[in-house]
Amino acid sequence: MLELIICSLLTILPDYLYRRFVQGKRFGKEITLFSVWYELRWGITGCLMLTVALITSVFFFHPATSNAALLFRTVPILPEGSGRVAEVNVGYSQTVKKGDVLFRLDNSKQTAALETAKRKVAEVDASMASAKADVVKAEAQIQEARASYRQAKDELDVKTELQRRNPGIVPQRDIEKLQVVVDQRQAGIDAATAAKESATLQVSTLLPAQKASAEASLAEAQVDLDKTFVRSGVDGRVEQFLVRVGDVVNQLMRPAGILIPEGSGRSRLQAGFGQIEAGVMKEGMVAEATCISRPWAVIPLVVTAVQDYIAAGQFRTGEQLIEAQNLAKPGTILVFLEPLYKGGLDGVTAGSTCIVNAYTSNHEEIVDPKTSTGRRIVLHAIDAIGFVHALLLRIQALLLPFKTLIFSGGH
């Protein structure tokens, strides 16, 4: 309607004024209700053509959409395992902090496993202390065996020397017995050395490996126990939390509730523009929005990202080929917008629907010396008609509460 009025001021009104004051024709005489078309045919035709051209230009170069909302992320509350609820710490709707325990599953089995793992670590530590004592004991046994060996060896050497100097003075049988004793004492040294090496190997390799395994089992048991405590991963608010003590929960069942992260849906607006605007929508474009939850306010925005694919065109592999004519209605180009000024979206409820206008700017091309004069004029005109769309948005912002509350029955 606004475009038609503007075009009428440029076509029908000048045509009427020319015929009224230049040609002297009077409304009601020469210009009647039945002769309006004939008398004002050029103005009416020009008005219609200019209106269509203006509307097309406005909506193409300065696109608008009502498919915009402050989408926000939700986190389903699910345990990593399954079990029966033993304790509930939050209500149906409650603000929580990161790390707060929402509910706890029965963990008697996990607690017992953790205690067993702790005992195993303590057992390995005791074995380590015993092995170290065995090393000390083996060293003492080695010293004792060496002393006995030296004593027997000295006695054998003395009697062997006497026998060499005075044959027959020492019975040969005694020398053979002493040789056997020396060999026994050498075997004792070897046995004590082997015992020390075994104890040392336990202290340095075997027992540390057993302790590492026991500590890994302890850590695993601790993780299993921690999984029975379902905690909040972020600061936020719990909603629709219906789990109660005695309920059985697992990942295959419905979520225990919904966790809405703090600040979710407060930073940027998502809007779906028509596919025809894919070549117009660019990062850095200035935009404006008016939202139902914040009436009579126009929020300046800037386009920060434009999705380079259309979600409606996605498909998953299956046993049938894709038939193009069975696709859903044409999808939209998803555009992400952030407030131009800090706190621009304050007061807008997360999930609120909005109306968004985006405005094309050709300033850089206009000031480029290489741009021709004719093209500059056209680009100036394209940028200027954005005023019409901006005015329409403000009219929509003014009428939106009345339209929502009265005409649509939104109250």
Inset, instruction - Find the distance between NZ (K282) and OG (S361) and round it off to the nearest 0.5 Å. - result: 14.0 Å
Inset, instruction - For R294 and G347, indicate whether the former's side chain and the latter's backbone hold a donor-acceptor pair under 3.5 Å. - result: no
Inset, instruction - Side-chain contact test, heavy atoms from C-beta onward, threshold under 4.5 Å: evaluate it for V249 versus V243 and give yes or no. - result: yes
Inset, instruction - Could you tell me whether the side chain of V90 reaches within less than 4.5 Å of the side chain of F103, counting heavy atoms only? - result: no
Inset, instruction - Using atom types as modelled and distance alone, determine if a side-chain donor or acceptor of S213 lies under 3.5 Å from a backbone N or O of A209. - result: no
Legend entry - Distance in Å, L379 CG paired with S372 OG, rounded so as to fall on 0.5 Å steps: 8.5 Å
Legend entry - Atom of A289, atom of L269 and distance for their closest heavy-atom approach: CB-CD2, 4.1 Å
Inset, instruction - Verify, without hydrogens or angle tests, whether R231 (side chain) and G99 (backbone) share a donor-acceptor contact under 3.5 angstrom. - result: yes
Legend entry - Least distance between heavy atoms, I276 atom then F60 atom: O-CE1, 3.6 Å
Legend entry - Straight-line distance of T228 OG1 to D106 CG, nearest 0.5 Å: 8.5 Å
Legend entry - Step-by-step side-chain contact (heavy atoms from CB on, under 4.5 Å) determination, I355 to T65: CA-CA 6 Å; I355 301 173; T65 182; over 6 Å; no
Legend entry - Any R237 side-chain heavy atom under 4.5 Å of S93 side chain: yes
Inset, instruction - Rounded to the nearest 0.5 Å, what's the gap from OG1 on T290 to CD1 on I395? Could you check? - result: 12.5 Å
Inset, instruction - Quickly, which of T74, D235, V234 forms a side chain to side chain contact (heavy atoms under 4.5 Å, CB included) with P261? Name it, please. - result: V234
Legend entry - Residue pair I292 / C354, side-chain heavy-atom distance below 4.5 Å: no
Inset, instruction - Any chance you could measure L345, atom CG, to S267, atom OG, to the nearest 0.5 Å? - result: 8.0 Å
Legend entry - S293 side chain vs S352 backbone, donor-acceptor pair below 3.5 Å: no
Inset, instruction - Pick out which of I299, V302, V356 makes a side chain to side chain contact (heavy atoms under 4.5 Å, CB included) with L337. - result: V356
Inset, instruction - Output yes when a side-chain donor or acceptor of H62 lies under 3.5 Å from a complementary backbone atom of T360, and no otherwise. - result: yes
Inset, instruction - Using modelled atom types only, decide if a donor and an acceptor are shared between the side chain of E365 and the backbone of N362 within a distance under 3.5 Å. - result: no
Inset, instruction - Start with the C-alpha gap between L334 and Q270, add the side-chain angles, then the distance that decides, and say whether side-chain contact (heavy atoms from CB on, under 4.5 Å) holds. - result: CA-CA 7 Å; L334 184 61; Q270 293 84 26; 4.0 Å; yes
Legend entry - Backbone of A140 reached by a side-chain donor or acceptor of Q143 within 3.5 Å: no
Inset, instruction - Kindly say whether T371 contributes a backbone atom to a donor-acceptor pair with the side chain of R376 at under 3.5 angstrom? - result: yes
Legend entry - Any L301 side-chain heavy atom under 4.5 Å of L340 side chain: no
Legend entry - Side-chain (Q110) to main-chain (Q222) donor-acceptor, under 3.5 angstrom: no
Inset, instruction - Give me the ring orientation class for H389 and Y359: parallel if the planes are under 30° apart, tilted from 30 to 60°, perpendicular past 60°. - result: perpendicular
Inset, instruction - Anything under 30° is parallel, anything over 60° is perpendicular, the rest tilted; go ahead and classify W296 against F402. - result: tilted
Inset, instruction - Using modelled atom types only, decide if a donor and an acceptor are shared between the side chain of N89 and the backbone of V101 within a distance under 3.5 Å. - result: yes
Legend entry - Cationic N near anionic O, under 4.0 Å, E123 to R119: no
Legend entry - Closest approach of D247 to L242 (non-hydrogen atoms, all atoms of both residues): OD2-O, 4.1 Å
